[in-house]
Student: 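Here it is, the structure in full.
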Amino acid sequence: MKNKLLWFATIALLAACTPAKDSTEQKIDNLLSQMTLEEKIGQMNQLNGMGLSDDLTGQIRAGQVGSILNEVNVDVVNELQRIAVEESRLGIPLIIARDVIHGFKTIFPIPLGQAATWNPAVVEAGARVAAEESAASGIRWTFSPMIDVSRDPRWGRIAESYGEDTYLSAVMGAATVKGYQTDNLANPTAIAACAKHFCGYGVSESGKDYNTTWIPEVQLRDVYLPPFKAVADAGCATFMCSFNDINGVPSTGNAWLNKDILRDEWNYDGMLVTDWGSMEQMIPHGFCSDLKHAAEVAANAGVDMDMMSYGYTQYLKTLVEEGKVKEADIDNAVRNILRLKFRLGLFENPYTAKVENPYYRPESLEKAKQAAIESAVLLKNDKQTLPLKDVRTVALVGPLADAGVDQVGTWCFDAEPEHCVTPAQAFRNLEQFNVIVEPGLTYSRDNSQQGIQKAVAAARRADAIVCCVGEEAILSGEAKCRADISLPGAQTELIRQLKATGKPLVLAVMAGRPLTIGEETEMADAVLYHFHAGTMAGPALAELITGQAVPSGKLPVTIPKMVGQVPVYYAHKNTGRPASNITMIDDIPVAAPQFSIGSTSYHLDAGSQPLFPFGYGLSYTTFAYANPVLSDTVLTRNGKITVSCEIRNTGSYDAYETVQLYTRDLVASLCQPVRLLKGFQKVHIKAGQTATVSFELTADDLAFCHSDMRSYAEPGDFQVWIAADSQQGIPATFTLR
Ligand code: BGC
């Protein structure tokens with residue numbers, strides 16, 4: 001009897017100690033236990049949409065497909081789903097995926113432009129609209145946000161990024177995830193986000209797409225991984241492998257990245273998909289001998305789903321039979337996939353209900369316009385040229401003045417240019433002035449001179465010129481890299497001739513990347529820079545030009561003077577010879593003797609500064625920053641200090657200002673950047689009023705990765721700035737003890 005009691009007590013104790021599996025995990029285990037190996041491998045397969053082709057429907061019926069990308073016809077989606085749910089043996093629903101990078105139908109600014117808003121609420125709202133519109137078409141998974149820290153404007157995909165800074169990318173990435181997913185993925189308008197590209201893709205050598213990267217682990221952990229960690233913590237449902245290799249290992253075959261870091265360090269329980277064909281691409285990388293080898297390497301590196309390499313469907317079963325891949329690892333991959341499907345509520349609600357007028361809702365267009373307004377960065381405004389005043393006639397010129405297809409920007413397959421409101425359309429609706437529209441060049445690469453004279457003639461008849469220049473959408477984005485990042489075609493010549501009219505000249509730049517526009521900026525009276533601003537770019541520009549709206553965007557990325565400065569970013573190291581005593585190339589005497597003593601780090605032809613630094617952006621008003629004030633000059637390891645600053649609106653417009661917090665670790669066991677962004681706040685300050693903006697700092701904010709790969713702050717002296725951009729401000733100092 002006594003033994004029996006002891007036995008019961010032991011069982012009860014064991015039961016109490018074993019963590020209860022939540023019901024989703026139980027459901028997953030239950031389903032998994034009924035699946036054949038072939039059905040498991042089927043879940044790991046993602047195929048491109050092929051309508052209702054017999055080939056595809058047959059594979060779905062046989063349980064050979066887990067997900068489909070690029071099917072946007074809701075009736076087809078529902079029929080494919082019906083076949084999966086009703087006609088496959090286990091009735092596991094599909095996930096339908098699509099690139100919805102900055103909008104589905106209503107297009108928001110490209111992500112680089114969204115980052116220029118420095119307003120996570122605007123970014124979240126954009127993702128919400130994108131989710132609502134795409135979910136209405138049956139899409140429940142998008143491959144966004146792209147949080148590759150991007151410091152090379154030659155790289156076309158900088159357009160899809162949130163720019164050069166780790167912290168800003170992390171904040172904007174998390175806001176995007178929240179907008180797509182809401183707090184509950186099972187909400188029928190929620191779509192699963194996908195953090196991409198894991199990892200280091202933005203470092204592709206020479207800004208050439210798909211290129212190799214060499215990234216020391218310390219730098220990977222300090223600069224490139226934190227945005228991914230931030231979105232994983234924000235609940236981002238999926239991750240995507242990057243195309244590039246890091247230090248010789250392609251991400252799709254990188255067990256250290258995908259298992260040790262993602263799963264073991266970060267405890268990530270979402271799903272990991274390859275990029276399009278990136279499993280197969282391990283062959284030309286020279287990392288795998290054939291597709292079978294690539295499937296083995298990817299499976300053993302913890303990659304759950306194969307997008308379009310057909311490696312898993314063809315070889316995984318044999319690889320298991322040969323003992324090269326463990327079935328337990330396949331079970332783990334399938335668990336991650338099923339978990340996503342359960343979280344999306346697809347088992348309960350596999351079908352997409354008809355939604356009334358899901359696209360281009362007035363409130364969505366209004367949000368897109370607001371995002372476009374906030375994303376515009378005023379780079380120059382001599383003699384307060386903007387907003388235009390006392391102007392009766394405006395000449396609206398330039399190849400992007402009436403180019404809906406280009407203003408939407410890269411990689412938005414579902415955009416309908418006819419729904420775009422171009423600057424030409426928006427300006428014609430203005431009552432403030434008459435508009436003469438004369439593009440001068442038909443597209444950005446147009447080299448013909450014929451139209452230029454017409455544009456100049458229009459400019460002569462006007463009181464001011466607004467010239468829309470930049471890049472067509474097709475010149476940025478995937479595989480659209482440029483070694484010369486100046487204005488293409490005859491645009492500079494157009495600007496020169498417009499300048500010669502002597503009329504006030506406003507440049508409205510619309511581009512997918514920072515462009516080297518030094519000469520053009522010099523010629524213009526005002527420059528408003530838009531990273532392709534989407535459906536509502538025209539009305540946004542009209543409101544900004546007329547002063548109905550005040551620019552508040554700030555650069556999320558440095559604009560170089562010359563492409564040869566690249567990489568040029570604010571968070572650089574100081575070097576042993578920081579730039580000073582700069583002698584420019586034309587100031588060197590002929591036959592000058594060679595010397596190096598006293599020389600410093602800069603280019604003879606570009607100096608040390610970019611054209612415009614990270615964080616820069618003007619307003620129609622002006623702001624005066626007082627010196628930062630610290631609550632204490634000593635920060636203890638577990639304590640915090642408050643840094644505050646008074647900012648006065650010294651101009652005559654009520655306006656938003658993005659107030660930026662930077663720190664610098666003055667002496668460290670690994671050299672640290674000259675400044676690092678640690679926080680920002682976008683505050684509205686009325687003309688003549690003063691706002692006090694405060695930030696808290698703790699030791700964790702000052703941590704960096706050490707050679708033993710542990711991240712912590714070192715005691716010592718720090719500088720801190722509260723400033724209008726990455727180059728302004730007077731630092732205060734404090735000591736970490
Ligand atoms: C891109 C991904 C994208 C995928 C699916 C690839 O070429 O690199 O970013 O999500 O295609 O369209």
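Only a predicted model underlies this, so the values are computations on that prediction, with no experimental measurement involved. All ligand and atom numbering here is 1-based and tracks the order in the structure. Positions are given from 1, in the same order as the sequence printed here. Side chains included, hydrogens not; waters and symmetry mates left out as well; all remaining heavy atoms used.
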Student: Check I158, I485, T558 against P514 for a side chain to side chain contact (heavy atoms under 4.5 Å, CB included) and give me the one that passes.
Tutor: I158
Student: Do any heavy atoms of H197 fall under 4.0 Å from ligand 1?
Tutor: yes
Student: Check ligand 1 against K196 and write out every atom of the ligand that is under 4.0 Å from a heavy-atom position of the residue.
Tutor: 2 (C), 3 (C), 9 (O), 10 (O)
Student: Measure the distances from the heavy atoms of R157 to every atom of ligand 1 and state whether one is below 4.0 angstrom.
Tutor: yes
Student: Test side-chain contact (heavy atoms from CB on, under 4.5 Å) on T410 and H532 and set out the steps.
Tutor: CA-CA 8 Å; T410 186; H532 291 131; 6.0 Å; no
Student: When rounded to the nearest 0.5 angstrom, what is the spacing between OG1 in T166 and CG in D222?
Tutor: 8.0 Å
Student: For D54, look at atom CG and say whether over 12 heavy atoms of other residues, nucleotides or ligands are found less than 6.0 Å away.
Tutor: no
Student: Does E160 come within less than 4.0 angstrom of ligand 1, counting non-hydrogen atoms of the residue?
Tutor: no
Student: Just need the protein heavy atom nearest to atom 7 (O) of ligand 1, so name the residue and atom and give the distance.
Tutor: E478 OE1, 2.8 Å
Student: Give the atom numbers and elements of ligand 1 that come within less than 4.0 Å of a heavy atom of F143.
Tutor: 10 (O)
Student: Please report the C-alpha distance between F614 and W118 in whole Å, then the side-chain angles of each, then the deciding distance to 0.1 Å, and finally whether the ring pair (Phe, Tyr, Trp, His ring centres under 6.0 Å) criterion is met.
Tutor: CA-CA 12 Å; F614 174 83; W118 291 67; 5.4 Å; yes
Student: Looking only at protein heavy atoms, identify the closest one to atom 4 (C) of ligand 1 and say how far it is in Å.
Tutor: D275 OD1, 3.3 Å
Student: Nearest protein heavy atom to atom 5 (C) of ligand 1, by residue and atom, and its distance?
Tutor: D99 OD2, 3.2 Å
Student: Tell me whether the rings of Y360 and H419 are parallel (<30°), tilted (30 to 60°) or perpendicular (>60°).
Tutor: parallel
